[in-house]
Amino acid sequence: MDSHELKQQHYAMITEFSRGHHKEATKLGEGIIASGKLDDDPLWLGRVHRDMSTAFNRLDMPATAQAHITRAYDLHSHAMTGPHSAPELHAALRERSATASYIGIYALRDWIGNNRDEAAATQALTMARQAEVDMTQAKQLASRIPLAPALDQYEINMIPRWSMTESLLGDKHRGLVRGSRALWLATQSETGGGEQQMNTKDVLRARTRAVARGMAALAVNASSRVSSNTAQKIALKTL
């Protein structure tokens, strides 16, 4: 199986995950990693590890999920080193942004579930803000890259989580601004010309989830001003 076939298998893995078939997704991911044929492509290999992490998280295997997201972060941070062309740096920034977002999500869940642990709170807010900085830089570079999409699917996926993190742990006004943008971006989900080709049903499913997360982000922000416990419960259901 060549690298192109492996990448197609990765797309199949993402599709299985989006349909709620998490065990099937992990089996596909394990095959890709075991092949060793993406070892010279840290960005793509990191993506596979990140997607494995989300699948294992849904399977309620947090230790395995953490191991995969840590590996993804190491790969994507390493990809940031050395000289890069604008497209290469753009790609590396996007991937590290998404991976940092997931580390922040796991930390926020840990904070909610473990009596507001201070270390988890610090990690959640730090990673959410790093993810946003990386995405901002990536979008600035995209303006100089021909044919780069105007909207970034990673931002669409992650901005509701950044909003919830800010609302619960940081700046509530910042959380509100990001929640409002999340809801607007949700209507554009999976229309940004990404690499993965999705059928109409899968696009609708993804867009519905994005709208639900945007609405949840605004609900977390509003309820955080009245009842932290209610805000945490909403966040935990939708992170």
Side-chain angles (χ1 to χ4, degrees), residues 1 3 6-81 91-135 153-154 157-158 160-162 164-165 169 196 213 235-239:
M1 185 179 296
S3 62
L6 285 168
K7 290 176 181 180
Q8 292 303 310
Q9 186 170 330
H10 181 216
Y11 291 140
M13 173 189 174
I14 295 170
T15 299
E16 291 293 343
F17 178 81
S18 72
R19 293 172 178 172
H21 304 157
H22 303 130
K23 287 185 178 179
E24 291 80 355
T26 62
K27 289 178 182 178
L28 288 168
E30 286 167 351
I32 294 168
I33 293 168
S35 74
K37 292 187 177 180
L38 289 182
D39 288 351
D40 61 348
D41 190 339
L43 286 186
W44 207 292
L45 182 59
R47 289 174 66 177
V48 176
H49 277 286
R50 187 176 66 229
D51 292 333
M52 287 284 281
S53 177
T54 58
F56 278 114
N57 184 65
R58 294 292 179 86
L59 291 169
D60 197 23
M61 299 174 66
T64 305
Q66 188 63 49
H68 279 288
I69 202 63
T70 299
R71 178 60 177 152
Y73 187 79
D74 289 344
L75 286 163
H76 290 152
S77 291
H78 179 71
M80 295 289 298
T81 63
L93 283 163
R94 291 184 70 248
E95 296 304 334
R96 193 172 71 172
S97 174
T99 300
S101 291
Y102 275 105
I103 293 175
I105 291 166
Y106 295 160
L108 183 58
R109 285 177 175 156
D110 187 39
W111 176 79
I112 294 172
N114 290 298
N115 299 315
R116 303 182 183 180
D117 178 73
E118 185 175 343
T122 298
Q123 184 180 43
L125 193 58
T126 298
M127 284 294 161
R129 289 181 174 177
Q130 180 194 309
E132 190 170 1
V133 168
D134 284 348
M135 180 55 65
Q153 187 62 41
Y154 282 177
N157 293 345
M158 295 304 166
R161 281 77 171 236
W162 303 341
M164 293 180 202
T165 303
L169 300 173
Q196 185 188 9
R213 285 198 190 102
L236 199 56
K237 288 181 180 180
T238 52
L239 280 169

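Counting heavy atoms from C-beta outward, Arg71 and Leu75 have side chains that approach closer than 4.5 Å. Between Leu38 and His10 there is no side-chain heavy-atom pair separated by less than 4.5 Å. The shortest side-chain heavy-atom distance between Tyr73 and Ile69 does not fall under the 4.5 Å cut-off. Two residues are said to be in side-chain contact when any heavy atoms from C-beta on lie closer than 4.5 Å; Met158 and Met135 fail this criterion. Counting heavy atoms from C-beta on, the side chains of Thr238 and Met164 come closer than 4.5 Å.
Thr70 contributes atom OG1, which lies 15.0 Å from atom OH of Tyr102 (distance to the nearest 0.5 angstrom). To the nearest 0.5 angstrom, Asp51 atom CG is 5.0 Å from Ile14 atom CD1. Taken from OG1 in Thr99 to CG in Leu43, the straight-line distance is 9.5 Å, to the nearest 0.5 Å. Put simply, CG on Leu93 and OH on Tyr154 are 12.5 Å apart, with the number rounded to the nearest 0.5 Å. Interatomic distance, Ile103 CD1 to Arg50 CZ, rounded to the nearest 0.5 Å: 10.5 Å. To the nearest 0.5 Å, atoms CE (Met61) and CE (Met52) are separated by 9.5 Å.
Counting all heavy atoms, side chain and backbone alike, Ala79 lies closest to Ala92 at O-CB, 4.0 Å. Closest non-hydrogen pair, Gly104 versus Ala124, comes out as O-CB, 3.6 Å.
Counting only residues at least two apart or in different chains, ring pair (Phe, Tyr, Trp, His ring centres under 6.0 Å) contacts with residues 13-36 comprise Phe17-His22.
Partners of Trp162 under the side-chain hydrogen bond (donor to acceptor under 3.5 Å, both in side chains) rule, at least two apart in sequence or in another chain, are Ser101.
Judged purely by atom type and a 3.5 angstrom limit, Asn114 has no side-chain atom pairing as donor or acceptor with the backbone of Asp117. Remark: the backbone N or O of Gln123 is not paired with any side-chain donor or acceptor of Thr126 at under 3.5 angstrom. Within the 3.5 Å criterion, the main-chain N or O of Gln130 finds no donor-acceptor partner in the side chain of Arg96. Between the Ser53 side chain and the His49 main chain, no donor and acceptor come within less than 3.5 Å of each other.
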**OP:** Would you please test Arg161 and Leu108 for side-chain contact (heavy atoms from CB on, under 4.5 Å) and show each step?
**Re:** CA-CA 9 Å; Arg161 281 77 171 236; Leu108 183 58; over 6 Å; no
Name the atoms and distances for all side-chain donor-acceptor pairs under 3.5 Å in residues 24-36, with sequence neighbours left out.
from: Thr26; atom 1: OG1; to: Lys23; atom 2: O; distance (Å): 2.7
from: Ser35; atom 1: OG; to: Ile32; atom 2: O; distance (Å): 2.7
from: Ser35; atom 1: OG; to: Lys37; atom 2: N; distance (Å): 3.2

